[in-house]
Peer 1: 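Before anything else, here's the structure in question.
Every chain is numbered from 1 and lettered A, B, ... according to where its sequence line falls, protein lines coming before strand lines.
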Amino acid sequence: MSSSTLEEPCLIEKCELDRLIERLKCEGFIVVGPYVEDSAIQYREIQSMRDLPRGYRDTQEPGEYRVAKLLKKNYFEFNLGPHSWKQFLFPPKLTVNSCTKKNESWEFISKVDSQPKFAFLGVRACELAAIQVQDRVFMEGPYVDPVYQARRESTFIVAVNCTVAASTCFCTSMGTGPKCKSTFDLALTELDCGFVVEVGTARGRSMISDLTTRELDPEHARDSQLLQQRAVDQITKRLDTSEILNLLMGNLDHPHWDEVAKRCLSCTNCTMVCPTCFCSSVTDVSNLSGDEIERQRQWDSCFNVDFSYTTSGTVRDDIRSRYRQWLTHKLASWHDQFASSGCVGCGRCITWCPVGIDLTVEVAAIRNTPSSNRTLPVIQPSCKAECAFPKDSKA
Amino acid sequence: MNATADQKKASPLSEPWYTFPVTIRRAYAEAPNVMTYDFEFDHHADARQYAFAPGQFNMLYVPGAGEAAISIAERTNQDRFLKHTIRTVGIVTRAIAKGGVGMSLGLRGPFGTRWPVDSFSDGSVKRDVILVAGGIGLAPLRSLLLFLIEHREKVGSVSLLIGARSPEDVVYESELHGWRENGVEIHVTVDRPDQNWRGHVGVVTLLLGRIAIPRPQSTFVLTCGPEVMMRYVAKSAINSKIPTENVWLALERNMNCAIGLCGHCQLGPKFICKDGPVFRYDQVRDLLGVQDF
Ligand SMILES: Cc1cc2nc3c(=O)[nH]c(=O)nc-3n(C[C@H](O)[C@H](O)[C@H](O)COP(=O)(O)OP(=O)(O)OC[C@H]3O[C@@H](n4cnc5c(N)ncnc54)[C@H](O)[C@@H]3O)c2cc1C
Ligand code: SF4
Ligand code: FES
């Protein structure tokens with residue numbers, strides 16, 4: 001994917017988006033976009049612009065989410081719902097393998113061969129960043145997840161620049177938004193009179209080749225700038241990330257972890273809505289006679305008590321240690337593992353926490369009262385133990 | 001092109017859930033609740049492409065029960081068999097014990113890091129190597145020990161210190177004599193001796209204090225066993241002036257994917273499956289001390 005736009009942006013009328021959707025469908029893509037369902041804006045397969053949440057706006061607070069229809073008729077004047085694109089690239093439930101018993105011997109058959117081809121419509125800047133984070137997890141280490149890779153490599157991305165922001169957004173602190181800068185095929189900014197279209201890839205350019213486009217006049221360019229600035233101005237939440245690795249790893253015994261534990265329900269919501277959390281478990285689903293078995297991978301969460309154990313029992317058997325695991329992984333040890341933060345500042349974990357725990361507030365509390373009775377030296381990624389079989393040692 | 005596609009398909013690297021069908025051919029009782037099994041690949045092609053290094057592990061898969069991470073103890077019989085020593089503790093290991101000889105099951109692997117075998121000799125200097133095992137922790141050290149015996153002339157002295165709960169819990173007991181004959185100094189200690197026991201009594205770390213370490217700067221200590229034991233072993237080794245970077249250990253935590261993608265085995269910045277299970281002590285020292293981490 002390109003890291004900058006290929007050419008000058010152009011303008012299309014709003015109805016042209018339907019032609020783009022049609023074109024994508026003709027090219028064999030399953031077009032996924034925002035859709036209002038169960039009083040929330042969710043992502044699912046859409047057929048046309050009529051499925052989009054036109055005129056809807058979300059309001060978010062810690063532990064609160066509402067959608068309402070406004071008088072304005074914009075298609076993308078909202079932020080994020082509980083879904084993220086990870087559910088299409090890293091599906092919540094997937095059969096990876098099947099086993100059949102024949103003549104007392106097991107046969108194992110891979111189930112990951114053919115994967116659907118998606119076009120994502122309406123990917124926000126923080127979500128592009130989240131996709132990049134999961135790319136590093138699933139495709140750029142010594143082992144590659146073939147399902148993620150197959151889906152990811154065929155996905156067509158139509159990004160959308162935010163023109164408003166929710167109270168829970170803090171992408172500016174994480175350096176991920178609100179402007180879409182890379183990882184898209186096309187990026188849209190919605191004006192009252194149409195969409196400004198930026199082209200990120202050659203594939204993106206060819207996909208709009210038969211749309212009626214107009215040159216962007218200075219007035220449209222200015223409006224687009226102003227709308228994007230409006231989103232920046234609406235972002236009030238901040239997370240101070242300076243020295244955050246040392247701050248958190250140096251405060252593993254901080255009393256504040258106990259304080260959060262009094263509120264946290266260990267419900268796993270934050271990990272389910274997080275667009276970068278990648279924990280999973282493969283378990284067996286057997287038929288009645290036990291000779292046909294499917295191995296199913298499902299999302300899992302480090303908030304589950306039986307997630308980590310050794311022969312001597314559960315590793316993290318209180319909420320304090322589980323919340324600490326989640327937060328230190330997301331904001332600190334992720335840097336060691338994947339050379340970036342695991343947080344993109346989308347704020348979903350804040351909105352969807354039933355008791356409104358806000359990680360930006362928790363980090364600030366630790367920062368304001370450091371109790372460094374333990375200092376973990378920062379472990380440099382360079383001292384990784386040697387991997388016996390690096391990526392391509394087996395020809 | 002097609003050949004590459006086939007290979008790609010058959011490689012555990014490109015297809016993390018690729019499972020080799022294997023069958024248990026032999027089973028030997030080692031200790032109460034501990035058995036050693038010989039697993040044979042059902043397909044010769046699988047056996048041919050399989051290669052491991054000492055310290056690595058396999059995921060043994062009993063369809064319907066699940067998978068368990070088990071260290072590779074040895075490869076035998078012209079590479080046809082993989083030897084695993086397994087203590088019955090839970091769902092998978094119980095199913096294997098129940099299945100026994102003739103049981104058909106799956107195997108994914110090999111996974112994880114290896115013992116630092118390349119560091120034991122560099123041309124002129126032959127390093128002394130001390131292996132310290134607690135209980136079933138001898139299993140992941142076994143492949144290393146056999147490697148050292150095979151390359152005996154390339155390393156200095158080789159010692160094996162074994163700690164077990166009681167005399168009957170000592171695994172590979174019938175093989176100790178042969179290993180001694182091959183130039184390995186072996187000491188065994190037990191927590192609870194019986195009437196016939198003539199060896200050492202007490203924790204295995206005491207043995208480390210008792211054996212001669214004439215050249216600590218050129219000595220390696222490699223250990224596997226309960227985490228507390230390994231921490232004491234490491235401390236004791238460092239007290240004996242063995243450099244921290246010569247102390248290595250193998251960690252354990254439940255595993256699901258074995259390739260760093262599922263999160264279960266995480267320890268701070270490490271995934272034990274992919275960055276371990278074999279670690280240099282100084283890479284994990286500070287992580288091991290943190291409670292419930
Ligand atoms: C790299 C590596 C190498 C290993 N090598 C060997 C080896 O060579 N030989 C060997 O015998 N073992 C070895 N082990 C240990 C082995 O993988 C574990 O004991 C494994 O859990 C056995 O699987 P199981 O299904 O039989 O037991 P499990 O059902 O997983 O139970 C194992 C233990 O964990 C407890 N437990 C199970 N589920 C939970 C839960 N949800 N919450 C809390 N506690 C729970 C059980 O009570 C039991 O004590 C190795 C482990 C690793 C990581
Ligand atoms: S932080 Fe909130 S969402 Fe996350 S587990 Fe705790 S209560 Fe649930
Ligand atoms: S076992 Fe899945 S990450 Fe280690």
Peer 1: I want to check something: taking the side chain as every heavy atom from C-beta on, are A:Pro275 and A:Arg348 in contact at a cut-off of under 4.5 Å?
Peer 2: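 SC-SC contact between A:Pro275 and A:Arg348 confirmed.
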
Peer 1: Pick whichever of A:Lys111, A:Arg297, A:Arg324 has the most heavy-atom pairs under 4.5 Å with chain B.
Peer 2: A:Arg324

Peer 1: Please state whether the side chain, the backbone, both or neither of B:Leu105 comes within less than 4.5 Å of a heavy atom of chain A.
Peer 2: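 Contact with chain A is through the backbone of B:Leu105 alone.
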
Peer 1: With respect to chain B, which residue among A:Asp318, A:Asn97, A:Val315 yields the maximal number of heavy-atom pairs within a distance under 4.5 Å?
Peer 2: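 So the answer, after comparing A:Asp318, A:Asn97, A:Val315, is A:Val315.
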
Peer 1: Using non-hydrogen atoms and a 4.5 Å limit, figure out which bit of B:Glu227 sits close to chain A: side chain, backbone, both or neither.
Peer 2: neither

Peer 1: Quick one: what part of B:Arg285 sits under 4.5 Å from any heavy atom of chain A, side chain, backbone, both or neither?
Peer 2: neither

Peer 1: Name the region of A:Asp291, side chain, backbone, both or neither, that has any atom closer than 4.5 Å to a heavy atom of chain B.
Peer 2: neither

Peer 1: Indicate yes or no: at least one non-hydrogen side-chain atom of A:Ser110 is less than 4.5 angstrom from one of B:Trp17.
Peer 2: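 Not in contact.
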
Peer 1: Strictly below 4.0 Å, N to O, side chains only: are B:Asp38 and B:Arg25 in salt-bridge contact?
Peer 2: no

Peer 1: Quick one: what part of A:Glu104 sits under 4.5 Å from any heavy atom of chain B, side chain, backbone, both or neither?
Peer 2: backbone

Peer 1: Quick one: side-chain contact (heavy atoms from CB on, under 4.5 Å) partners of B:Cys224, sequence neighbours excluded?
Peer 2: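 Counting only residues at least two positions away or on another chain, B:Cys224 forms a side-chain contact (heavy atoms from CB on, under 4.5 Å) with B:Pro140, B:Leu141, B:Ala250.
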
Peer 1: Which atoms of A:Cys99 are under 4.5 Å from chain B, going by heavy atoms: the side chain, the backbone, both sets, or neither?
Peer 2: side chain

Peer 1: Is the B:Phe57 ring parallel, tilted or perpendicular to the B:Phe111 ring (thresholds 30°, 60°)?
Peer 2: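 Tilted.
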
Peer 1: Count the heavy-atom pairs under 4.5 Å between each of A:Ser105, A:Ser281, A:Cys277 and chain B, then report the option with the highest count.
Peer 2: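 Counting heavy-atom pairs under 4.5 Å, the top option is A:Ser281.
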
Peer 1: Are B:Leu287 and B:Pro269 side-chain neighbours, meaning at least one heavy-atom pair lies under 4.5 Å?
Peer 2: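 Sidechains of B:Pro269 and B:Leu287: in contact.
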
Peer 1: Against chain B, work out which of A:Ser333, A:Cys279, A:Ser321, A:Ser280 has the most heavy-atom pairs shorter than 4.5 Å and name it.
Peer 2: A:Ser280

Peer 1: Below 4.5 Å from any heavy atom of chain B, which atoms of A:Val285 appear? Answer side chain, backbone, both or neither.
Peer 2: neither

Peer 1: Specify which of A:Thr310, A:Thr314, A:Ile293, A:Val147 makes the most heavy-atom pairs with chain B at under 4.5 Å.
Peer 2: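 Winner by heavy-atom pair count: A:Ile293.
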
Peer 1: Is A:Thr328 in contact with chain B via its backbone, its side chain, both, or neither, using a 4.5 Å heavy-atom distance?
Peer 2: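 Just its side chain gets close to chain B.
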
Peer 1: What's the verdict on ring pair (Phe, Tyr, Trp, His ring centres under 6.0 Å) for A:Trp257 and B:Phe293, showing C-alpha distance, side-chain angles and the deciding distance?
Peer 2: CA-CA 13 Å; A:Trp257 301 117; B:Phe293 196 39; 9.7 Å; no

Peer 1: Only distances under 3.5 Å count here; give the side-chain donor-acceptor pairs of residues 58-75 of chain B to other protein atoms, sequence neighbours excluded, each with its distance to 0.1 Å.
Peer 2:
| residue | atom | partner | partner atom | Å |
| --- | --- | --- | --- | --- |
| B:Asn58 | OD1 | B:Tyr50 | OH | 2.6 |
| B:Asn58 | ND2 | B:Tyr50 | OH | 3.1 |
| B:Asn58 | ND2 | B:His84 | NE2 | 3.1 |
| B:Tyr61 | OH | A:Asp284 | OD1 | 3.3 |
| B:Tyr61 | OH | A:Asp284 | OD2 | 2.8 |
| B:Tyr61 | OH | A:Arg295 | NE | 3.3 |
| B:Glu67 | OE1 | B:Arg108 | NH2 | 2.8 |
| B:Glu67 | OE2 | B:Arg108 | NE | 2.7 |
| B:Glu67 | OE2 | B:Arg108 | NH2 | 3.4 |
| B:Glu74 | OE1 | B:Arg142 | NE | 3.2 |
| B:Glu74 | OE1 | B:Arg142 | NH2 | 2.4 |
| B:Arg75 | NE | B:Asp79 | O | 3.2 |
| B:Arg75 | NH1 | B:Tyr50 | O | 2.7 |
| B:Arg75 | NH2 | B:Ala47 | O | 2.8 |
| B:Arg75 | NH2 | B:Asp79 | O | 3.1 |

